[in-house]
There are 2 protein chains.
Amino acid sequence: MASQAPAPRTPLSRDRVLRAAVQIADADGLDAVTMRRIGEALGAEAMSLYYHVANKNDLLDGIVDVLIDELNEAVDRLVVVKDWKAAMRHRILTARAVLLRHPWAPRLLESRTTMRPAVVIYHDRLVGLMRSGGFSYDLAHHALHALGSRALGFSQELFDPANANPNPDADARMLAELAEQVPNLAGMLAEVAHDDPDSTIGWCDDQQEFEFALDLILDGLARLASR
Amino acid sequence: MASQAPAPRTPLSRDRVLRAAVQIADADGLDAVTMRRIGEALGAEAMSLYYHVANKNDLLDGIVDVLIDELNEAVDRLVVVKDWKAAMRHRILTARAVLLRHPWAPRLLESRTTMRPAVVIYHDRLVGLMRSGGFSYDLAHHALHALGSRALGFSQELFDPANANPNPDADARMLAELAEQVPNLAGMLAEVAHDDPDSTIGWCDDQQEFEFALDLILDGLARLASR
DNA sequence: TAAGAGAGACTTACAACGTAAGGGGAAGAC
DNA sequence: GTCTTCCCCTTACGTTGTAAGTCTCTCTTA
């Protein structure tokens with residue numbers, strides 16, 4: 001009998017696996033990224049992935065690579081600016097714009113302890129900018145620590161409104177109950193509520209707060225560098 | 001036949017469960033905190049814990065409570081200082097000292113999205129200090145965001161030396177291989193290596209870097225507050 | 001052209017996890 | 001003496017990462 005045309009399938013590859021993983025994370029979050037789910041997305045079995053990826057940890061590292069490559073690409077497209085501070089600010093805010101497309105990125109990056117080359121390269125460019133601004137290596141080093149994850153465009157928020165309480169009222173209610181115990185926060189909230197009656201405890205503008213902190217740090221560094 | 005004296009056992013309680021969980025985390029890390037393991041530590045079955053704890057998420061929230069209570073206790077023992085900046089600095093560094101006793105704390109705190117009263121209370125005191133220093137509510141609010149997790153005594157480091165590569169040489173080797181691609185970092189490393197031949201990529205003094213960043217932020221805030 | 005050697009996928013199976021569902025016994029209430 | 005309520009245990013299920021082994025193409029080499 002004539003043999004059926006075999007199911008046309010593009011072969012797996014590390015790259016295809018990683019891209020599928022990123023798509024799943026974008027769509028359904030980091031927890032949805034399981035070996036079986038990736039296999040399903042690629043029309044393969046979970047165990048087949050292990051030929052292209054050592055284990056789950058390696059997979060996550062690979063996702064970071066894909067992510068930071070995207071980030072480096074966006075950031076290297078920027079026009080060159082002479083002022084180091086403006087350049088760093090622009091670079092970091094561009095990085096942030098990329099990360100905002102992948103809400104799972106902060107959690108993933110925080111979970112990684114190994115150094116990935118792409119991340120190292122990203123930070124190298126920042127040091128380069130600071131050097132051009134007259135930074136000593138020592139100050140540049142301090143600066144990297146001071147920026148921390150902010151260098152990559154995100155700040156670790158204790159209460160992330162993105163994955164926060166589904167009913168914001170509960171937060172406000174708890175704060176109201178605690179009012180006697182937290183007079184200062186209660187006062188703060190009251191003032192904000194006066195200015196903007198619709199506001200709840202999640203009144204913060206993430207982008208604005210991020211820029212505030214970034215500028216605070218960059219201004220402080222500028223003062224130290226100009227000594 | 002005479003009934004045996006029943007095994008004398010102290011009854012479970014939410015508090016005992018949480019304390020056992022903290023002990024396990026201290027000893028073997030956060031991943032070792034499983035329901036079965038806690039049960040074992042208490043001479044009970046895993047499912048028995050569910051009478052005192054709603055689920056694993058609730059358990060983790062409870063651990064945060066225990067942790068932050070310990071923190072608030074230490075911090076409230078501090079002598080009162082007039083200068084708000086010195087007071088905040090002292091308070092935050094004290095909080096840090098507590099967290100250093102629980103290396104798993106940062107990862108846990110970052111993973112929590114719900115607001116715990118103890119955490120809210122802690123931040124309220126910080127706002128109080130800032131108010132005493134003449135901060136508007138608006139500036140205090142910005143300040144909390146700028147500090148982020150640093151307010152609690154830790155900064156999210158991308159490469160945490162605590163749980164980093166077991167063989168630090170590998171990192172240095174990778175950096176050497178990347179030297180052409182990361183000239184700035186290579187230069188930075190070279191200078192540090194010159195000053196201290198024993199240093200590797202993990203040369204950073206965590207405490208010193210934390211204080212540098214903290215002071216950078218506090219000084220910046222002081223400048224804004226005095227306007 | 002036949003035989004051998006991988007490369008690349010699949011099959012099966014297991015331990016560990018969180019937890020749903022229900023059972024049982026002891027202590028106090030009526 | 002019965003009932004209720006509290007507290008703990010037993011059993012079992014679905015999901016996860018992954019160890020171990022197998023099958024099947026395709027390419028190389030004699």
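As a basis for the values below, the full set of heavy atoms in this structure was taken, side chains included, without hydrogen atoms, waters or symmetry mates. Treat the numbers as computed from the prediction; the structure is a model and nothing was measured. Letters go in sequence order (proteins before strands), and every chain restarts at 1.
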Parallel, tilted or perpendicular, as decided by the 30° and 60° cut-offs, for the rings of H102(A) and W104(A): tilted
N57(B) CG - dG18(C) P separation (whole Å): 12 Å
side-chain N/O Y51(B) vs dC7(D) OP1/OP2, d < 4.0 Å: yes
5' priority, DNA chain C, between R36(A) and E45(A) [closest heavy atom]: E45(A)
Nearest-0.5 Å distance that lies between atom CG in L126(A) and atom CZ in R91(A): 6.0 Å
Salt bridge (charged side-chain N to carboxylate O under 4.0 Å, His left out) evaluation trace for D69(A) with R116(A): CA-CA 11 Å; D69(A) 282 347; R116(A) 303 303 293 176; over 6 Å; no
OP1 or OP2 of dT18(D) under 4.0 Å from side-chain N/O of Y50(A): yes
S48(B) side chain near dC7(D) phosphate (N/O to OP1/OP2, under 4.0 Å): no
Distance, rounded to the nearest Å, where L49(B) contributes CG and dT19(C) contributes P: 11 Å
R37(B) CZ to dA15(C) C1', straight-line distance once rounded to whole Å: 17 Å
Residue-phosphate contact under 4.0 Å: H52(B) side-chain N/O, dC6(D) OP1/OP2: no
Whether over 12 other heavy atoms sit under 6.0 Å from R19(A) CZ: no
Euclidean distance, atom CG of residue L42(A) to atom C1' of dG8(C) [Å, nearest integer]: 14 Å
Whole-Å distance separating the CE atom of M35(B) from the P atom of dT16(D): 20 Å
Nearest-nucleotide comparison on DNA chain D, the residue closer to the 5′ end among N55(A) and M47(B): M47(B)
